[in-house]
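This one's a predicted model, so the numbers in the text were calculated from it and none came from an experiment. The chains referred to below are lettered A, B, ... by the order of the sequence lines, with proteins before strands, and numbering in each begins at 1.
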Amino acid sequence: EAQVTQNPRYLITVTGKKLTVTCSQNMNHEYMSWYRQDPGLGLRQIYYSMNVEVTDKGDVPEGYKVSRKEKRNFPLILESPSPNQTSLYFCASRQGSTGNTIYFGEGSWLTVV
Amino acid sequence: KNEVEQSPQNLTAQEGEFITINCSYSVGISALHWLQQHPGGGIVSLFMLSSGKKKHGRLIATINIQEKHSSLHITASHPRDSAVYICAVRDFNKFYFGSGTKLNVKP
């Protein structure tokens, strides 16, 4: 079954404590991306990756890092989380530049206190 | 700045009604996607359009590139169509999203 898996699904953490949200896809997709969703602001793109070792900034990259060492994995790293990073996060993947369908993970609810 | 504008923000319909959701965008695009977000939060991709019209079951999506406008139509709406519908435009590898249309279909 085609799947994008995110972990953790729910997390409450404290300001400044580094955390990583993992994302893995089983479809051999080149393109992967991270988004955050906030009330009144909708979805916004954080970072994306076109392939292994190729990443680029989206609309709201500040405070986040990513890496793409393997094709299937695209972790999102919050080096020093702050309360304004409390949000619902989605990872997604797509087949290269021609993929019609975007596959989303189930979302990760992150609260920073 | 809002690269993508959707209307209406909220929509209540009776079962069986024909529904239209509109999306206007201001950036140059490679393609436009329509997404459905279920009440539980999961997001499903419905359509990708770069021109013309696509149909899948009771859902129809159209795009007018010259007018920078797309519409999502639902024929014979059903309570299970209740969800948030999101328009997303892709400028090469960057995505910009509308704020979503919350649809509630009453039996």
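The shortest side-chain heavy-atom distance between B:R90 and A:R94 falls under the 4.5 Å cut-off. Between A:Q37 and B:I86 there is a side-chain heavy-atom pair separated by less than 4.5 Å.
Within a 6.0 Å sphere centred on NZ of A:K71, heavy atoms belonging to other residues, nucleotides or ligands number more than 12. Atom CZ of B:F18 has more than 12 neighbouring heavy atoms from other residues, nucleotides or ligands inside a 6.0 Å radius. For B:E67, the CD atom sits in a loose shell: 12 or fewer heavy atoms of surrounding residues, nucleotides or ligands are nearer than 6.0 Å.
Shortest non-hydrogen contact noted between B:N93 and A:Y31 is O-OH, 2.6 Å. B:F97 and A:L43 get closest at one heavy-atom pair: CD1-O, 3.3 Å.
Linking Ile, Leu, Val, Met, Phe, Trp and Tyr residues whenever their side-chain heavy atoms come within less than 4.5 Å leaves A:W34 and A:V4 in two separate clusters. Note on B:I21 and B:I29: same hydrophobic cluster, where clusters join Ile, Leu, Val, Met, Phe, Trp and Tyr whose side-chain heavy atoms are under 4.5 Å apart, directly or indirectly. A:L76 and A:L19 fall within a single hydrophobic cluster, where Ile, Leu, Val, Met, Phe, Trp and Tyr are joined by side-chain heavy atoms under 4.5 Å apart, directly or via other members. B:V27 and B:V4 fall within the same hydrophobic cluster, defined by Ile, Leu, Val, Met, Phe, Trp and Tyr side-chain heavy atoms under 4.5 Å apart, directly or through other members.
Heavy atoms of B:L49 lying under 4.5 Å from chain A are absent altogether. Neither the backbone nor the side chain of B:L46 comes within contact range of chain A, judged by heavy atoms closer than 4.5 Å. Proximity to chain B is limited to the side chain of A:Y35, based on heavy atoms less than 4.5 angstrom apart. In this structure, chain A has no heavy atom under 4.5 Å from any part of B:Q9.
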Please test B:F95 against A:I102 for side-chain contact (heavy atoms from CB on, under 4.5 Å), starting from the C-alpha separation and ending with a verdict.
-> CA-CA 11 Å; B:F95 277 87; A:I102 308 169; 3.5 Å; yes
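Among A:Y48, A:Y103, A:W109, the residue with the largest count of heavy-atom pairs under 4.5 Å with chain B is A:Y48.
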